[in-house]
Novice: 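Before I ask anything, let me first share the structure, which is written out below as structure tokens.
Note on naming: letters A, B, ... go to the chains in the order of the sequence lines (proteins, then strands), and numbering restarts at 1 for each one.
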Amino acid sequence: MDIEEVKERAGPREFSPADDLPEEYRKAATRMIEFHANSEIMGAYLERPFIRQAPSIDRKLAFSAKVQDEIGHGQLLYRAAETLGVKTREEMLDDLANGKGKFLNCFHYPMTEYVETPMVAFFVDGAAMRRQATLRRTSWEPYAHAMDKVCFEEGFHVKHGEDILRTLMNGSRKEQQLTQEAFEEWWPRIIQFFGPTDDKSTHHDFAASVGLKQKSNDELRQAFLDQYVPKARKYGLEIPDYPRIHKNDEGRWVVEEDDLDWDEFFTIAKNEYEPGVGQIDGRKHAQEAVQWVRDTIEADNVPAGGQPPQAAD
Amino acid sequence: MIWEVFRQEENGEYHTHCGNVHAPDREMAKQFAAIQHGRRKPTNSLWVVPKEEVGEIDSDDVTFGGTTDKGYRWTMTYNLQTDQAEEVVESESEQEQADKQRGEA
Ligand SMILES: [Fe+2]
Ligand SMILES: [Fe+2]
């Protein structure tokens with residue numbers, strides 16, 4: 001199939017591994033899905049400490065379930081990317097460990113305080129879900145199928161995140177104040193989740209023309225702000241003065257792009273932002289620390305018999 | 001030789017198991033599958049898989065999940081009484097459906 005035919009046929013779930021697709025399509029799809037997979041993994045590592053740090057047993061359980069889900073999303077997505085035949089799963093994991101794999105800007109920032117968790121679990125997951133829901137109609141069928149399962153699970157993440165925010169904003173004045181501060185710190189990063197405006201985005205045109213991407217950055221940012229600004233306000237969060245955002249006469253959100261730190265954004269995009277580098281290395285160490293588990297499994301000398309396996313709920 | 005058959009009704013949907021055929025090799029299995037399973041019902045694609053290549057684990061071998069109360073991982077647990085984004089609503093209805101099926105199983 002040549003690229004013209006791909007563009008002509010590009011519809012939801014149109015292409016599968018049975019199709020002979022041009023390299024340009026396969027590379028673009030790989031870049032997009034690998035980025036998504038890496039983001040799931042790096043996000044999970046960011047939230048993992050809160051399995052311990054969360055203040056109640058219910059929250060700890062929910063965080064452990066959520067982290068398990070996110071790692072699972074990463075696994076599903078590496079599979080969907082691998083079937084394109086451009087990169088193997090091993091290559092993608094190695095690239096991530098070695099600081100070559102790219103992932104979402106938000107997950108380059110450290111998250112150390114519990115009051116920060118809804119910024120990721122509610123706002124970033126909420127933003128991610130806006131995008132993921134549209135990707136159930138992407139043209140690469142294995143990607144769309146992965147999104148079916150991801151979206152099935154994500155509703156819990158977003159509502160759990162909202163529940164934490166609700167609790168904090170109904171807590172002591174101190175909690176409310178710390179939550180507001182965390183919000184102010186994370187808000188610009190969350191706005192940048194959708195990347196620069198469409199005229200500055202380099203990959204969108206092609207990805208959209210072959211049906212990989214279903215909505216542009218701008219459309220997704222609008223949909224996100226429509227849904228989540230009122231939510232933030234409902235819980236008593238004040239939207240920071242900067243970046244300046246407002247609704248125009250047509251009811252569309254206008255973000256003053258110049259109020260956002262694009263130097264930082266593009267430093268992050270190159271994996272050169274300092275805290276992010278630490279997080280990449282942290283994950284690399286975690287991966288190396290459990291190398292013996294993979295070795296044991298692959299050595300094929302696991303003793304037979306023993307306990308029957310217990311499936312996870 | 002027995003070949004398990006998976007049918008996909010429309011492009012982009014899942015291949016789901018629909019039966020099996022008896023055939024001496026893969027080529028014949030594909031033809032038989034097309035005749036037996038692709039004729040009456042809408043079919044976009046079929047997979048044939050040698051039966052002995054299918055691994056199975058059932059409820060005699062293992063205790064499957066889903067029986068312990070893990071309410072904390074279901075959307076329905078978080079009763080927020082706020083408007084949810086449409087994709088969150090959709091996720092919740094899919095989870096309710098799955099929860100109902102679990103109850104019936
Ligand atoms: Fe996820
Ligand atoms: Fe999530």
Novice: Taking atom types as modelled, is there a side-chain donor on A:Glu162 or B:Thr82 under 3.5 Å from an acceptor on the other?
Specialist: yes

Novice: At a heavy-atom distance under 4.5 Å, which candidate from A:Ala65, A:Ser16, A:Ala133 has the highest pair count against chain B?
Specialist: A:Ala65

Novice: Please check if atom CZ in A:Arg26 has more than 12 non-hydrogen atoms from other residues, nucleotides or ligands closer than 6.0 Å.
Specialist: yes

Novice: Hey, is CD on A:Glu238 packed in by over 12 heavy atoms from elsewhere, all under 6.0 Å?
Specialist: no

Novice: Among the options A:Lys159, A:Glu14, A:Arg166, A:His160, pick out the one with the most heavy-atom pairs lying under 4.5 Å from chain B.
Specialist: A:Lys159

Novice: Any non-hydrogen side-chain atom of A:Lys231 less than 4.5 Å from a side-chain atom of B:Gln84?
Specialist: yes

Novice: Step by step, work out the side-chain contact (heavy atoms from CB on, under 4.5 Å) result for A:Met129 and B:Val88.
Specialist: CA-CA 8 Å; A:Met129 209 178 166; B:Val88 177; 3.8 Å; yes

Novice: Check each atom of A:Tyr143 against the heavy atoms of chain B and say whether the ones under 4.5 Å are side chain, backbone, both or neither.
Specialist: neither

Novice: Can a donor-acceptor pair be found, under 3.5 Å and without considering hydrogens, that links the side chain of B:Thr75 to the backbone of A:Phe156?
Specialist: no

Novice: Once the angle between the rings of A:Phe152 and B:Trp74 is folded into 0 to 90°, is it parallel (under 30°), tilted (30 to 60°) or perpendicular (over 60°)?
Specialist: perpendicular

Novice: Determine yes or no for a side-chain-to-main-chain donor-acceptor pair under 3.5 angstrom, with B:Tyr14 supplying the side chain and A:His145 the backbone.
Specialist: yes

Novice: Please flag which part of A:Arg59 lies under 4.5 Å from any non-hydrogen atom of chain B: side chain, backbone, both or neither.
Specialist: side chain

Novice: For A:Arg136 and B:Glu90: C-alpha separation, side-chain torsions, deciding distance, then whether side-chain contact (heavy atoms from CB on, under 4.5 Å) applies.
Specialist: CA-CA 12 Å; A:Arg136 293 176 84 165; B:Glu90 203 176 347; 3.6 Å; yes

Novice: Looking at A:Asp148, A:Asp226, A:Thr134, which makes the most heavy-atom pairs under 4.5 Å with chain B?
Specialist: A:Asp148

Novice: Could you look at B:Glu94 and say if it's the side chain, the backbone, both or neither that has a heavy atom under 4.5 Å from chain A?
Specialist: both

Novice: Are a donor atom and an acceptor atom from the side chains of B:Gln8 and A:Glu141 found within less than 3.5 Å of each other?
Specialist: yes

Novice: Got a second to check how far A:Lys66's NZ is from B:Tyr72's OH, nearest 0.5 Å?
Specialist: 15.0 Å

Novice: Dump the intermediate steps for side-chain contact (heavy atoms from CB on, under 4.5 Å) on A:Arg13 and B:Glu13, then the final yes or no.
Specialist: CA-CA 8 Å; A:Arg13 306 180 178 218; B:Glu13 289 186 353; 5.8 Å; no

Novice: Measure the spacing between CZ of A:Phe15 and CG of B:Asn11 and express it to the nearest 0.5 Å.
Specialist: 9.0 Å

Novice: By a 4.5 Å heavy-atom criterion (distance strictly below it), what part of A:Glu153 contacts chain B: side chain, backbone, both, or neither?
Specialist: backbone

Novice: Any side-chain heavy atom of A:Gln132 within less than 4.5 Å of one from B:Glu87?
Specialist: no

Novice: Go through the atoms of B:Glu86 and report whether side chain, backbone, both or neither lie under 4.5 Å from a heavy atom of chain A.
Specialist: both

Novice: Does the pair B:Arg73/A:Asp69 count as a salt bridge with the N-to-O cut at 4.0 Å?
Specialist: yes

